[in-house]
Amino acid sequence: VQLQASGGGLVQAGGSLRLSCAASGGAFRNYHMAWFRQAPGKARMFVARITRGGVGAVYSDTVSGRFTISRDNAKNTVYLQMNSLKPEDTAVYYCAAAPILSSTTTPPDYWGQGTLVTVSS
């Protein structure tokens, strides 16, 4: 499956952005989807995950209550709604897909190219 993330940009602290990730080349509904992020000089970190059925979303502690992951299997797209953004949310955001549900620390099998989110103070 190929993944194409979009929707990143520059936003002021307290603002919102919605990221999208369009999937192609595979049966999207068969994949659990996740978002990760990598801040400058830091390791890639888990952000959120949603099961292939669209239930049981899981979030990292740093984004819980501010970010919402969702998916539209009819459009082969997963979203990340990001509210109350903080400068520390600045990172390249990657969407990822996995056919098997694993722990949030297990790297998924397929990755998109990333989209940059910059939050100014």
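Just so you know, residue 1 is the first one in the sequence shown, and it goes up from there. As the structure is a computational prediction, the values presented were derived from the model and not from experiment.
Inter-residue side-chain proximity for Asn76 and Ser24 is flagged as unmet; no heavy-atom pair is nearer than 4.5 Å. Taking the side chain as every heavy atom from C-beta outward, Tyr94 and Arg44 approach each other to under 4.5 Å. Under the 4.5 Å side-chain criterion, counting only non-hydrogen atoms from C-beta, Phe28 is in contact with Val78. At least one side-chain heavy atom of Tyr93 sits less than 4.5 Å from a side-chain heavy atom of Leu80. Val63 places none of its side-chain heavy atoms less than 4.5 Å from the side chain of Met82.
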* Asked: Are Arg49 and Leu101 close enough, and set up right, to give a side chain to side chain contact (heavy atoms under 4.5 Å, CB included), and what steps lead you there?
  -> CA-CA 10 Å; Arg49 184 188 69 198; Leu101 196 64; 3.5 Å; yes
* Is there a ring-ring contact (aromatic ring centres under 6.0 Å, His included) between Phe46 and Phe36 once you walk through the steps? -> CA-CA 4 Å; Phe46 169 81; Phe36 286 71; 5.7 Å; yes
* Can you list the steps and then say if Tyr31 with Tyr110 is a ring-ring contact (aromatic ring centres under 6.0 Å, His included)? -> CA-CA 10 Å; Tyr31 293 93; Tyr110 304 98; 5.8 Å; yes
* Start with the C-alpha gap between Ile69 and Trp35, add the side-chain angles, then the distance that decides, and say whether side chain to side chain contact (heavy atoms under 4.5 Å, CB included) holds. => CA-CA 8 Å; Ile69 188 171; Trp35 289 94; 3.6 Å; yes
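Under the rule for a salt bridge (Lys or Arg N to Asp or Glu O under 4.0 Å), the partners of Arg37 that lie at least two apart in sequence or sit in another chain are Asp89.
Taking hydrophobic clusters as Ile, Leu, Val, Met, Phe, Trp and Tyr residues chained together by side-chain heavy-atom distances below 4.5 Å, Tyr79 does not share a cluster with Val1. By the rule that hydrophobic residues join a cluster once side-chain heavy atoms approach within less than 4.5 Å of another member, Val11 and Leu19 end up as members of one cluster.
Side-chain N or O atoms of Gln4 include none that pairs as donor or acceptor with a backbone N or O of Ala23 at under 3.5 Å. In this structure a side-chain-to-backbone donor-acceptor pair under 3.5 Å is missing from His32 to Ala98. With Arg52 contributing its side chain and Asn30 its backbone, the two residues share a donor-acceptor pair below 3.5 Å. Not a single donor-acceptor pair under 3.5 Å links the side chain of Ser102 to the backbone N or O of Thr106.
Across Leu3 and Gln113, no two heavy atoms sit closer than the pair O-OE1, 3.7 Å. Scanning both residues, Gln38 and Lys42, for their nearest heavy atoms gives NE2-O, 3.0 Å.
Between the side chains of Asp72 and Thr77, no donor-acceptor pair is found at a separation under 3.5 Å.
Atom CZ of residue Arg18 and atom OG of residue Ser70 lie 7.0 Å apart, to the nearest 0.5 angstrom. Separating the OG atom in Ser16 from the CZ atom in Phe67 is a distance of 9.5 Å, to the nearest 0.5 Å.
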Identify every side-chain donor-acceptor pair in residues 114-121 under 3.5 Å, counting partners at least two apart or on other chains, and give the distances.
unit_1, atom_1, unit_2, atom_2, d
Thr115, OG1, Gly8, N, 3.1

